[in-house]
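Just so you know, these numbers come straight off a predicted model, no measurement behind them. All ligand and atom numbering here is 1-based and tracks the order in the structure.
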Amino acid sequence: MSLKLIKQALNGKRPLSRMWRHHDLKESYDVVIIGGGGHGLACAYYLAKEHGITNVAVAEKHYIGAGGSGRNTAIVRSNYLTPAGVRFYDESLKLYEQMSVEFDFNVMLSQRGHLTLAHSDGAMRTMRRRAEVNLLEGGESSVIGPDKIKKLCPPLDVSDHPRYPILGALYHPRGGIMRHDAVVWGYAHHADRMGVHIHQLTEATGIEVQNGKVTGVQTNRGFIKTGMVHNATAGWSSIIADMAGVKLPITTYPLQALVTEPLKPFLDVVIVSGSLHVYISQSDRGELVMGASVDPYASYSMRGSLGFTEGLAGHMLELFPSLSHVRVMRQWAGLCDMTPDYSQIMGFTPVEGFVVDVGWGTYGFKATPSAGKRMAELIATNETPEMIRPFRLARFYENDPVGEKGAASVEK
Ligand code: PYC
């Protein structure tokens, strides 16, 4: 990318071509993807790239990446608790590892290591179990003690005086952070170049179903005929599913996050504490990016609150007392669609031609490439890929949950 940019600057040809273009809405598409976040765009990209399906529309009610894709704290990891979860997120991490080369575009992946702290014997047991499952599935997470933690993160208070002593941590060397907007833009750019139509400011207002089959989508810009609608939304996933007459076991909660003023680089790992409900990393600009657990009440509000800032600051200072002078620059919220077992819902629904990739709780960003790839495979082949079978909607009726609560960085 940088060489291209230099060439562009020197040859005097301006302006740079658009990353993705605007199109009139066509009367019909083979596939309509509702939601122009990372997941929807990744699905469009893999449909075109791996299955040659390019008559695809991505309908996004705001600008692309305006939802969870642009509001998360950019953490990537695959250190989950269930074998199905580890396999799925590990595929996603591998796709992320190849992404800058695949896109010829720097997505700024920084695999700086990810530490999930344990403050109790119970938490240590869960970390050991996660480490074992990760090893069995080919991952490389391990449980480390306070001395090694201190070496990896000198400013962390590992002494025994805090209310929440640090007994150990699950260390995941391949975990880290990356630039979330770059992921969205990269998928959008390449999907566009292969013929996908990206429609921003295009809101789905209804889904037409006749005799149990999808026949089209109503939008604020007109009706689109299609036999395949993919719900790749977050926050509004249950509302979109309702339009097709499908009920999802999802409750939506806001999740708040903030960034501080920039500091000199001092933190080159990601630190998470599930018990303290906090996580922190330092961005390439030097800002500390921090978040907490979801708000206590279900809501679609995306406003910040003072209660969140106070609670987060209190917990963060338990871990990093030296940050007490640091000023907060801005805060925001995104929406998290929580399912009963803390795992996503992917696949077919009782309505033919209506498929879902929803219920991502607080994990959606790290799942983006694999979610897109596997949903594209499902749409193209009309079969559920083995990798995502555990996450089918029917598991809730078949008493076959995929319990990932123990791997949630932050929970309800
Ligand atoms: O699961 O890694 C995570 C996470 C980070 C922020 C919210 N969830």
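- In terms of the side chain to side chain contact (heavy atoms under 4.5 Å, CB included) criterion, residue partners of S142 (sequence neighbours excluded) are, by chain and number, I144, Y171.
- Of all atoms in ligand 1, listed by their number and element, those nearer than 4.0 Å to a heavy atom of Y363 are 1 (O).
- The contact set between ligand 1 and I75, taken as ligand atoms under 4.0 Å from a residue heavy atom, comprises 2 (O), 5 (C).
- Remark: R77 qualifies as a cation-pi partner of Y80 under the 6.0 Å distance and 45° angle criteria applied to the six-membered ring.
- Considering backbone and side-chain N/O of Y80, none are found under 3.5 Å from N/O of ligand 1.
- Remark: S110 engages R112 in a side-chain hydrogen bond (donor to acceptor under 3.5 Å, both in side chains) (not counting sequence neighbours).
- Residue T362 has at least one N or O atom closer than 3.5 Å to an N or O atom of ligand 1.
- Close approach to Y279 involves these atoms of ligand 1, each under 4.0 Å from a residue heavy atom: 6 (C), 7 (C).
- Residue contacts with ligand 1: R77 is placed with a nitrogen or oxygen under 3.5 Å of a nitrogen or oxygen of the ligand (distance criterion only).
- The distance from ligand 1 to the heavy atoms of T73 drops below 4.0 Å at these ligand atoms: 6 (C).
- Interatomic distance, CG of L109 versus OH of Y96, reported as 9.0 Å (0.5 Å rounding).
- Donor-acceptor pairing under 3.5 Å is lacking for the side chains of N72 and K366.
- Every atom of ligand 1 with a heavy atom of K366 under 4.0 Å away is listed here by number and element: 1 (O), 2 (O), 3 (C), 4 (C).
- Checking Q218 against T205 by side-chain atom types alone, no donor-acceptor pair falls below 3.5 Å.
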